[in-house]
2 protein chains.
Amino acid sequence: MRTTDLPQVRSLELFRSMSESNFDTLMQAAYLQTFPTQLDLITEGDPADFLYVVIEGCVELCARSNGRESTMGMVRPVGTFILAAVLKDAVYLMSARTCQKSKILLIPSENVRDAFERDEAFARAIVVELANCYRGMVKEHKDLKLRTAVERLANRLLRYHREQGSAGSLDLPYDKRTIASLLGMTPENLSRAFNTLKPYGVDVDGAKVHLSDLKSLQILAKPNPLIDNRES
Amino acid sequence: MRTTDLPQVRSLELFRSMSESNFDTLMQAAYLQTFPTQLDLITEGDPADFLYVVIEGCVELCARSNGRESTMGMVRPVGTFILAAVLKDAVYLMSARTCQKSKILLIPSENVRDAFERDEAFARAIVVELANCYRGMVKEHKDLKLRTAVERLANRLLRYHREQGSAGSLDLPYDKRTIASLLGMTPENLSRAFNTLKPYGVDVDGAKVHLSDLKSLQILAKPNPLIDNRES
DNA sequence: TTGACGTCTTGATAATTATCAAGGATCGAG
DNA sequence: CTCGATCCTTGATAATTATCAAGACGTCAA
């Protein structure tokens, strides 16, 4: 790994508080690579050889079964994926592919587990990250089990709106077909759900969404911090 | 806590390898209590004061939003719940209530975090438990997103069948309405799904289920170890 | 510019799932 | 035993969601 990249990695929450020597050891074993878009990084069922950290770009996590496929989540900088598989030395439960040109840090699983044993601060950071992943998944699951498709879309729009500064409009961060899959519906249904939301002040133009009647949208969506807030 | 209960707790995977003195300290702060059935233990949104360990009995985890409610999971001995909330010092994302008379160990959150810092072996065990919880939730989510209701039921029956020794029949471990909610459907639909499975050799009598044509049931269910195997 | 491709949308239809209402079975309390 | 309560099932119907087919729109390269 190039030494010019090290400070960037070091500043990540996950590595910030570990000791200098443990960090160096871990990085000596790691690779920082840039991948083109639409590249398959891992396939579910394969053994977890590396922990992945997205430094730049964006990675889609998806799952397949039968003939079906579904987007399970998106990982943006700075996030990890498949941490649980690495820690358990198990197989991946999800596949991953880049959806932009992406700079990604690969750390061999064995070294992650070593560092976890050696470095108390790293262990704490790992646990916080893993707990965040878990709670995120619980929220996704609640979203899907407790809401209709239109409600899921309405709440997702409110969330993006909030995350982008509550300026009355928002940009959809992904293709519509990706958002549809994330929300557990077909692209056709996403289109129709947008139409259903039109009377609630939702106007779509490509990736731009205008929210002209936040109040009525919120009444419909009934947002719930225990589902929609990513931070807590 | 009574000293007669200590060996039982000590033998749990979570506590087995921690040091004697750290274990003693942790247990001095803990409570082992027996709760009647149908008792609300925690409510989502409340701060995480305790880590819960189910020693005997059974606990249902559920989530509410809007007017809806859904069973998120069942915890049997020896399992923990709301570990992530405790480690993050955050609020609970799920509510919990006993569904049998249950013996439960309550450990104050602060002490769990203390022990995590102090005891390397405990930290490792915590991480493995948390990773298991995460992977279980990923599997539940895949189940719901990638399968129809009938497929979910078929695979769940095959799983219970396997867990109970593959003897050609199985006992449903919970009320049918609980199983329906676990599988993300209404009780009415569960009834109909059982009828749909009749031609595949599934015969239901109360909580007893006979599987007389495993092969054709498996062809329908298309079980997937990355969804259905709880261990891996 | 043109054509090919992919994405998104719309309409028609089908499949899946939920809701409402009612009836039967079971179980415990009195 | 009998009553009441709860759970489960079934039927009828409605709502939701998916599928299939076609067309609109934009992008990009030749």
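This one's a predicted model, so the numbers in the text were calculated from it and none came from an experiment. Naming: A, B, ... by sequence-line order, numbering from 1 per chain.
Between the P atom of C:dC8 and the CG atom of A:Leu190 lies a distance of 9 Å, rounded to the nearest Å. Per the geometry, CG belonging to A:Asp175 stands 15 Å off C1' belonging to C:dT9, to the nearest Å. Straight-line distance from the CG atom of A:Asn189 to the P atom of D:dA15: 16 Å, rounded to whole Å. Regarding B:Asn195, its CG atom lies at a distance of 15 Å from the C1' atom of C:dT17, rounded to whole Å. The CD1-P distance, from A:Ile179 to C:dT9, rounds to 11 Å in whole Å. When the P atom of C:dA18 is taken as reference, atom CZ of B:Arg68 falls 11 Å away, rounded to whole Å. Straight-line distance from the CG atom of A:Leu153 to the P atom of D:dT16: 15 Å, rounded to whole Å. The nearest whole Å value for the distance from the CE atom in A:Met185 to the P atom in D:dA18 is 8 Å.
Salt-bridge formation is not detected for the pair B:Glu231/A:Lys88: no Lys NZ or Arg NE/NH1/NH2 atom is positioned less than 4.0 Å from an Asp or Glu carboxylate oxygen. Using a cutoff of 4.0 Å between basic side-chain nitrogens and carboxylate oxygens, B:Glu151 and A:Arg68 are scored as salt-bridged. Looking at A:Glu188 and A:Arg192, no side-chain N of the basic residue comes within less than 4.0 Å of a carboxylate O on the acidic one, giving no salt bridge.
In the interface, the side chain of B:Arg192 is paired with the base of C:dT19 through a donor and an acceptor atom under 3.5 Å apart. Contact annotation: side chain of A:Glu188 to base of D:dC20, donor-acceptor pair present below 3.5 Å.
Distances from the side chain of A:Ser191 to the nucleotides D:dA21, C:dC8, D:dT10 place C:dC8 closest. Distance from the side chain of A:Arg177 is smallest for C:dC8 among the nucleotides C:dT10, D:dT10, C:dC8. The side chain of B:Lys176 lies closest to D:dC8, out of D:dA18, C:dT9, D:dC8.
Checked against side-chain hydrogen bond (donor to acceptor under 3.5 Å, both in side chains), B:Asp175 has the following partners two or more places apart in sequence or in another chain: B:Arg177.
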Evaluate the side chain to side chain donor-acceptor pair (under 3.5 Å) criterion for residues A:Asn229 and A:Ser232: first the C-alpha distance (whole Å), next the side-chain angles of each, then the deciding distance (0.1 Å), finally the verdict. CA-CA 6 Å; A:Asn229 284 13; A:Ser232 67; 4.8 Å; no
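In this structure, A:Thr186 does not reach the D:dT17 phosphate: none of its side-chain N or O atoms is under 4.0 Å from OP1 or OP2.
Of the residues near DNA chain D, B:Gly206 and A:Arg147, the one whose nearest nucleotide (by heavy atom distance) lies more toward the 5' end is B:Gly206.
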